[in-house]
Amino acid sequence: MDKTALLGITPVLPSQDIDRDVDWHSKYTGFEVYSNDKMYACLKRDNLFIHLQWHADTKDDPLLGGSVIKIFVKNIEPIFNEFVQRGTVAKDKLRLNTPWRTHEFGFYDLNNNAIFIVEDA
């Protein structure tokens, strides 16, 4: 029996304003529009995708729920320096040699979704 090949995983983050959040990601993360409309957007950078889905921020369709994504990289310092230049993070936010054996930095988007860039140490 053939085994299914897992090809990747794509986070879908809640958004209160798709156009606003697409612009923010372009400026602060370098993820660019792959496709979008007013309710859903696919953003792409290299081989990675982030999807944004509009939510009404009501009891039945809450906006925020503590979404967290981790983007794993090799050679974290160049992308950290890029994000410092973009104004996404401050120069003192790179954590090297964490107790859980990573180098990493993180930030929040406009909907309070936590985004971490992580390199295994």
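Because only heavy atoms are used, hydrogens play no part in the values below, and waters and symmetry mates are left out as well, while side chains stay in. Here the structure is a predicted model, which means the values were calculated and not measured.
- With sequence neighbours excluded, the residues that form a side-chain contact (heavy atoms from CB on, under 4.5 Å) with D37 are M39, Y40.
- Pairs engaging residues 105-121 under the salt bridge (Lys or Arg N to Asp or Glu O under 4.0 Å) rule: none recorded [sequence neighbours left out].
- For F80, the ring-ring contact (aromatic ring centres under 6.0 Å, His included) criterion is met by F105, not counting sequence neighbours.
- For K44, the side-chain contact (heavy atoms from CB on, under 4.5 Å) criterion is met by Y34, F49, not counting sequence neighbours.
- E77 and L94 make their closest contact through CG-CD2, 4.2 Å (heavy atoms, listed as atom of the first residue, atom of the second, distance).
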Expected list for residues 7-14: side-chain donor-acceptor pairs under 3.5 angstrom, two or more places apart:
none

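- Sorted by first then second residue, the side chain to side chain donor-acceptor pair (under 3.5 Å) pairs that include residues 84-94, not counting sequence neighbours, are E82-R86.
- Partners of T58 by side-chain contact (heavy atoms from CB on, under 4.5 Å), not counting sequence neighbours, listed by chain and number: A56, D60, D61.
- Heavy atoms only, all atoms of each residue included: S15 and L52 are closest at CB-CB, 4.3 Å.
- Contact record, N36 with A41: CB-CB, 3.4 Å, taken as the closest heavy-atom pair.
- Between N113 and I69 the shortest side-chain heavy-atom distance does not fall below 4.5 Å.
- Scored by the salt bridge (charged side-chain N to carboxylate O under 4.0 Å, His left out) test, D19 finds K38 as partners (sequence neighbours excluded).
- For the pair R45/I79, a side-chain contact is recorded, criterion being any heavy-atom separation below 4.5 Å from C-beta on.
- Scanning for side-chain hydrogen bond (donor to acceptor under 3.5 Å, both in side chains) contacts around H103 gives an empty result, with sequence neighbours left out.
- Cluster membership check: W24 does not share its hydrophobic cluster with F116, using side-chain heavy-atom separations under 4.5 Å among Ile, Leu, Val, Met, Phe, Trp and Tyr.
- Annotation: side chain of L110 is not in contact with side chain of Q16 (no heavy-atom distance under 4.5 Å).
- A continuous path of Ile, Leu, Val, Met, Phe, Trp and Tyr side chains, each step under 4.5 Å between heavy atoms, connects L43 with L48, placing both in one hydrophobic cluster.
- W100 forms part of no hydrophobic cluster, judged by ILVMFWY side-chain heavy-atom separations under 4.5 Å.
- No close placement of the F107 and Y28 rings is indicated, their centers lying 6.0 Å or farther apart.
- A121 approaches N97 most closely through the heavy-atom pair CB-OD1, 4.2 Å.
- Take W54 and apply the ring-ring contact (aromatic ring centres under 6.0 Å, His included) test, not counting sequence neighbours, and it matches no residue.
- Proximity of V22 to F31: side-chain heavy atoms (C-beta onward) are nowhere separated by under 4.5 Å.
- I115 places a side-chain heavy atom less than 4.5 Å from the side chain of H25.
- Checked against side-chain hydrogen bond (donor to acceptor under 3.5 Å, both in side chains), R20 has the following partners two or more places apart in sequence or in another chain: N111.
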